[in-house]
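We number each residue from 1, following the sequence as shown.
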Amino acid sequence: MTRTILFALTGQGDLGQTGAKTGVWLEELAAPYQMLSAAGFDILFATPGGKPAQLDPASLEEPWLQPAGHWFRAQKQALAQLEAPLDLANVVASRIDAIFLVGGTGTLWDFPGCRPLGALASTLLAENRPVAAICHGVVGLLTATAADGQPLAAGKSLTCFSNEEEAMLEYDKLVPLLAETELVAQGALYSKAAPFEAHVVEDGLLITGQNPASAGPLAKALLARLGTPLP
C-alpha cells in the first residue's frame with residue numbers, strides 16, 4: 001500500500017504591507033518533494049483555508065534556485081496541486097503517515113494561529129508518526145500541544161530559521177514575529193548552525209531543519225524515520 005505524506009504550505013502571498021510578494025520557499029519544497037516522491041510516497045499539499053500556495057519570487061532566483069528547484073518547476077502535477085491544495089482543516093490525520101511543514105516567510109502570517117495544523121502535528125506525534133518542519137515553517141508547531149496540554153515545543157530539541165539569519169536579510173523589520181523567539185518562549189531547546197549552513201535536529205519523531213540548506217538532510221532524516229531506504 002502506498003503511504004502518504006502531507007506537505008503543509010503557506011497560503012500567504014503578500015509580504016505584509018510592503019507591496020512585495022512572499023510565499024513558499026522553493027528549495028524547502030522541491031528537495032524533499034523530489035526525494036520523498038522518488039521513494040514511492042504519495043504527497044498531498046494543504047494550506048490554511050485551502051488557499052492557493054504561491055512560490056516566493058526570491059526563491060526562484062540565483063543563488064537560491066538549486067537543481068531540485070529547476071526539477072520541481074517542470075512537474076506539472078505538483079504545480080497544479082499548488083493551485084488547488086487541500087484545506088488543513090479537512091485533513092484526516094489517520095490517512096497520513098507523516099506531515100512536513102514547509103518553510104517560506106509567508107508561514108509567519110498564517111501558520112502560528114492555524115489550530116488545525118497544530119492539531120495534526122499533535123495527533124501524529126501522539127500516535128508515533130513523524131512530524132518534520134523546516135525554516136519558518138516550524139512556527140506551525142506553535143498551536144501544537146503535548147499530552148499534558150503544554151506547548152508541544154516545550155522541552156523539545158529543535159531548530160528553525162534563526163534571528164541572526166532574519167536580521168542578515170533585514171526581514172526582522174518586516175515580519176510579524178520571529179520564529180526562534182516564539183519557539184524559545186514556549187520552552188523549546190533551540191540550537192542553530194552558522195547562518196545559512198545545514199542543520200537538522202531530531203527529537204524522537206520530531207525533525208526540524210534550520211534553513212533551505214537543511215532541506216535535503218531533513219528529507220533523508222524523515223525517510224529514515226519512516227523506515228524507507230533512500231532512492
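In plain terms, the two heavy atoms of A39 and T228 that are nearest each other are CB-CG2, 4.0 Å. In this structure, F161 and N211 approach most closely via the heavy-atom pair CD1-CB, 4.2 Å. The minimum heavy-atom distance linking W71 with A30 is given by the pair CZ3-O, 4.4 Å. The heavy-atom pair separating L88 from A8 by the smallest distance is CD2-CB, 4.2 Å. When every heavy atom of F111 is checked against every heavy atom of G137, the shortest pair comes out as CD2-O, 3.6 Å. In terms of heavy atoms, E27 sits closest to A215 at O-CB, 3.7 Å.
I207 and L124 fall into different hydrophobic clusters, where Ile, Leu, Val, Met, Phe, Trp and Tyr side chains are chained together by heavy-atom contacts under 4.5 Å. Clustering ILVMFWY residues whenever any of their side-chain heavy atoms sit less than 4.5 angstrom apart, transitively, puts V24 in the very cluster that holds M35. The cluster map of Ile, Leu, Val, Met, Phe, Trp and Tyr, joined by side-chain heavy atoms under 4.5 Å apart, puts F72 and L101 in different clusters. No chain of hydrophobic side-chain contacts below 4.5 Å, direct or via other Ile, Leu, Val, Met, Phe, Trp or Tyr residues, connects V138 to V201. Two different hydrophobic clusters hold L141 and L222 under the rule that ILVMFWY side chains link at heavy-atom gaps under 4.5 Å.
Between the Q12 side chain and the D14 main chain, a donor and an acceptor come within less than 3.5 Å of each other. The backbone N or O of P151 lies less than 3.5 Å from no partner atom in the side chain of T145, so there is not a single donor-acceptor pair. Here the side chain of E180 pairs a donor or acceptor atom with the backbone of N163 at under 3.5 angstrom. Under the 3.5 Å distance criterion, the side-chain polar atoms of R225 are left unmatched by any main-chain donor or acceptor of V131. When atom types are taken as modelled, the side chain of T123 and the backbone of A119 share a donor-acceptor pair closer than 3.5 angstrom. A donor-acceptor pair under 3.5 Å is formed between the side chain of D110 and the backbone N or O of G11.
Under a 4.0 Å N-O distance rule, the pair K192/E165 does not qualify as a salt bridge.
Contact of the C160 side chain with the Y190 side chain is registered, since non-hydrogen atoms from C-beta on lie closer than 4.5 Å. Residues S214 and I134 form a side-chain contact, since some pair of their non-hydrogen atoms from C-beta on lies under 4.5 Å apart. Inter-residue side-chain proximity for I5 and I99 is flagged as unmet; no heavy-atom pair is nearer than 4.5 Å. At a threshold of 4.5 Å between non-hydrogen side-chain atoms, the residues L29 and L9 count as touching. Annotation: side chain of L158 is not in contact with side chain of L189 (no heavy-atom distance under 4.5 Å). In this structure, the side chains of V91 and L120 come closer than 4.5 Å at one or more pairs of heavy atoms. Between E202 and T208, the closest side-chain pair of non-hydrogen atoms is not below 4.5 Å. Counting heavy atoms from C-beta outward, L65 and E61 have side chains that stay 4.5 Å or more apart.
Checking H136 against E166 by side-chain atom types alone, a donor-acceptor pair falls below 3.5 Å. D87 and T47 are not linked by any side-chain donor-acceptor pair at a separation below 3.5 angstrom, with hydrogens and angles left out of the test. Using a 3.5 Å distance cut-off with no hydrogens or angles, the side chains of T4 and D97 do not pair a donor with an acceptor.
Scanning for side chain to side chain donor-acceptor pair (under 3.5 Å) contacts around D56 gives T22, with sequence neighbours left out.
Between W25 and W64, the ring-plane angle classifies as perpendicular under the 30° and 60° cut-offs.
Taking NZ from K21 and CG from L55, the interatomic distance works out to 13.5 Å, rounded to the nearest 0.5 Å. In this structure, L44 CG and F7 CZ are separated by 10.0 Å, a value rounded to the nearest 0.5 Å.
If you look at F100 and F41, their ring centroids are not closer than 6.0 Å.
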Checklist entry - Yes or no on side-chain contact (heavy atoms from CB on, under 4.5 Å) for R95 and L6, after CA distance, side-chain angles and deciding distance? => result CA-CA 9 Å; R95 298 184 63 183; L6 180 73; over 6 Å; no
Checklist entry - Passes side-chain contact (heavy atoms from CB on, under 4.5 Å), K156 versus L152? Steps please. => result CA-CA 8 Å; K156 291 284 196 306; L152 181 68; 4.2 Å; yes
